[in-house]
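Comments concern the structure below.
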Amino acid sequence: MDIFKKQESNVQSYANNFPVIFSSAKGCWLHTNNGKRYLDFLAGAGSLNYGHNNDVLKQALLDYIDCDGITHGLDMHSKAKAEFLTALRNHIFSPRNLDYKVQFTGPTGTNAVEAAMKLARKVTGRINIVTFTNGFHGCTIGALSATGNQHHRGGAGMPLIGTSRLPYEGYAGVDGLALFETMLNDNSSGLDKPAAVLLETVQGEGGLNVASTEWLKRLSTICKQHKILLIVDDIQAGCGRTGTFFSFEPSGIKPDIVTLSKSISGYGLPMALVLLKPELDIWQPGEHNGTFRGNNHAFVTATKAITTYWANGEFEQHINQRANQVNTAIQRTLRRYPSLFIRGKGRGLMQGIECKNGSISSAIARTCFDKGMVIETAGPNDEIVKFFCPLTISESELEQGLHIFEQAVDIIATKLIKKAS
């Protein structure tokens, strides 16, 4: 561990919570260099929806490398890119009646958000972008201006401008959309007419807050009435995490722009996209670019992930079965310890349990790690234990993880009850 302490920046965070050296991984398991294994309920913060070293995706990548396929291509045409775009159109866009152009940005989610914000401003000629409380969109300056978390915002070292914040659904009991509509119709409200509204339909880092279908439809209608673009950040909630490929599908809305990253490559390889309605594609060549926007290895694994898991509805059924399994454990825990927990949150395999405070959730996560499971916390005060296993996890493996969680809860509850008595 000495090399990490001496050479790596203090900015590291996950390593502080899971202080071991991982050497290999398979499916939903992480293995250390001393032979211990951990169930992975973090899944690369949502980048490993299909698990570690998925056999089908790995073989496709190995075959491609063995044939000396293009690795890096900037934005030049390649066979791998053509096959990815074809799979995306045939298996994702067409069945959902979606018509999007695809922009390949730099390989991170925050770069896709930056591109989406820039494009919205370019298309509309307006500057202001409306975002929501507890939203998280990345840590580069533009995306950070749209992010609510003060810890991350504090790292900017400069004023964060160009955005206005509204209450997300359920925030402080305020009807944020009624407020938004009133301000748009009031010339003295002080709200500059936005270029776009940017949101997560299920807020990941912000605490697994879920926007209802009714709320999303209202928001979409307001945006259309006022010619404001609607951008859905599906970087964490997309690619099946909430039970459908896109998190917004159940609502029936069709965003103007969608950002994807994390699990779009299928294999944990860096890749990010902006999906935009064709009429919005007014970019000039190279106006937004990035050296690594042509990661052909990611195209290969992304294509295989789409054709393997999204050619029919079987994978969705699997996700929803495992989601019910998680929800059952959460509800059981809520009934057993009402003094420690408030409610279950989230949707699909993006669920969590809200603790009375962050100390309880942190203690549970530490105990889970001691018992062989990697799991993190989320929310404004890290008060939520967040279940984020690979979507491909089996029923028995998921049950093992939920059992570890419930054991950890029993241990922490016993300590807290004993301390209180």
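One-based numbering along the sequence shown.
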State which residues pass salt bridge (Lys or Arg N to Asp or Glu O under 4.0 Å) with [X]; sequence neighbours excluded, sorted by chain then number.
{"X": "K217", "value": "none"}
{"X": "R37", "value": "none"}
{"X": "K277", "value": "D256"}
{"X": "D2", "value": "K6"}

Could you pull out all residues at least two apart from [X] that satisfy side-chain contact (heavy atoms from CB on, under 4.5 Å)?
{"X": "N312", "value": "E314"}
{"X": "T86", "value": "R89, N90"}
{"X": "N34", "value": "T32, K36"}
{"X": "Y171", "value": "T133, N134, P167"}

Flag for [Y]-[X]: side-chain donor and acceptor within less than 3.5 Å:
{"X": "D55", "Y": "Q59", "answer": "no"}
{"X": "S394", "Y": "S396", "answer": "yes"}
{"X": "N296", "Y": "K81", "answer": "no"}

Please tell me if the side chains of [X] and [Y] come closer than 4.5 Å, counting only heavy atoms from C-beta onward.
{"X": "D192", "Y": "R126", "value": "no"}
{"X": "C28", "Y": "T392", "value": "no"}
{"X": "F315", "Y": "Y50", "value": "yes"}
{"X": "F84", "Y": "V300", "value": "no"}
{"X": "Q407", "Y": "H403", "value": "yes"}
{"X": "Q321", "Y": "E395", "value": "no"}
{"X": "F180", "Y": "L191", "value": "yes"}
{"X": "I360", "Y": "Y337", "value": "no"}

To the nearest 0.5 angstrom, please state how far the [atom1] atom of [X] sits from the [atom2] atom of [Y].
{"X": "L74", "Y": "N289", "atom1": "CG", "atom2": "CG", "answer": "9.0 Å"}
{"X": "I342", "Y": "E354", "atom1": "CD1", "atom2": "CD", "answer": "4.0 Å"}
{"X": "F4", "Y": "N16", "atom1": "CZ", "atom2": "CG", "answer": "12.5 Å"}
{"X": "M117", "Y": "H288", "atom1": "CE", "atom2": "NE2", "answer": "12.0 Å"}

Query raised in the report: Taking the six-membered ring of F388, is NZ or CZ of R241 closer than 6.0 Å to its centre and within 45° of its axis?
Result: yes
Query raised in the report: Would you call D410 and R336 a salt bridge, taking side-chain N to carboxylate O under 4.0 Å as the test?
Result: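 A salt bridge links D410 with R336.
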Report task. Inspect the contact between E83 and K304 and indicate whether a charged nitrogen and a carboxylate oxygen are less than 4.0 angstrom apart. Result -> no
Check: residues 242-250 side-chain donor-acceptor pairs under 3.5 Å, at least two apart:
residue	atom	partner	partner atom	Å
T242	OG1	R347	NH2	3.3
T244	OG1	F246	O	2.6
S247	OG	T201	OG1	2.5
S247	OG	D234	OD1	2.5
E249	OE1	R96	NE	3.2
E249	OE2	R96	NE	2.9
E249	OE2	F245	N	3.1
E249	OE2	F246	N	2.8

Query - Residue pairs fulfilling side-chain hydrogen bond (donor to acceptor under 3.5 Å, both in side chains) with at least one residue in residues 362-374, sequence neighbours excluded - result: none
Requested in this report: Keeping to residues at least two apart or across chains, list the side-chain hydrogen bond (donor to acceptor under 3.5 Å, both in side chains) pairs with something in residues 156-165.
Outcome: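 Sorted pair list: N128-S164, T131-R165.
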Report summary line: Between C355 and the options T377, V385, I412, the side chain to side chain contact (heavy atoms under 4.5 Å, CB included) test singles out V385
Query raised in the report: Which of these passes ring pair (Phe, Tyr, Trp, His ring centres under 6.0 Å) with F369: Y38, F41, F405?
Result: Y38
Report task. Taking side chain to side chain donor-acceptor pair (under 3.5 Å) as the test, write out the residues that go with S361, two or more places apart. Result ->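 S361 satisfies side chain to side chain donor-acceptor pair (under 3.5 Å) with no other residue.
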Query raised in the report: More than 12 non-hydrogen atoms from neighbouring residues, nucleotides or ligands closer than 6.0 Å to CG on N185, yes or no?
Result: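 Result for CG/N185: enclosed.
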Report task. Step through the shown structure and confirm whether more than 12 heavy atoms of other residues, nucleotides or ligands are within 6.0 Å of CD1 on I127. Result -> no
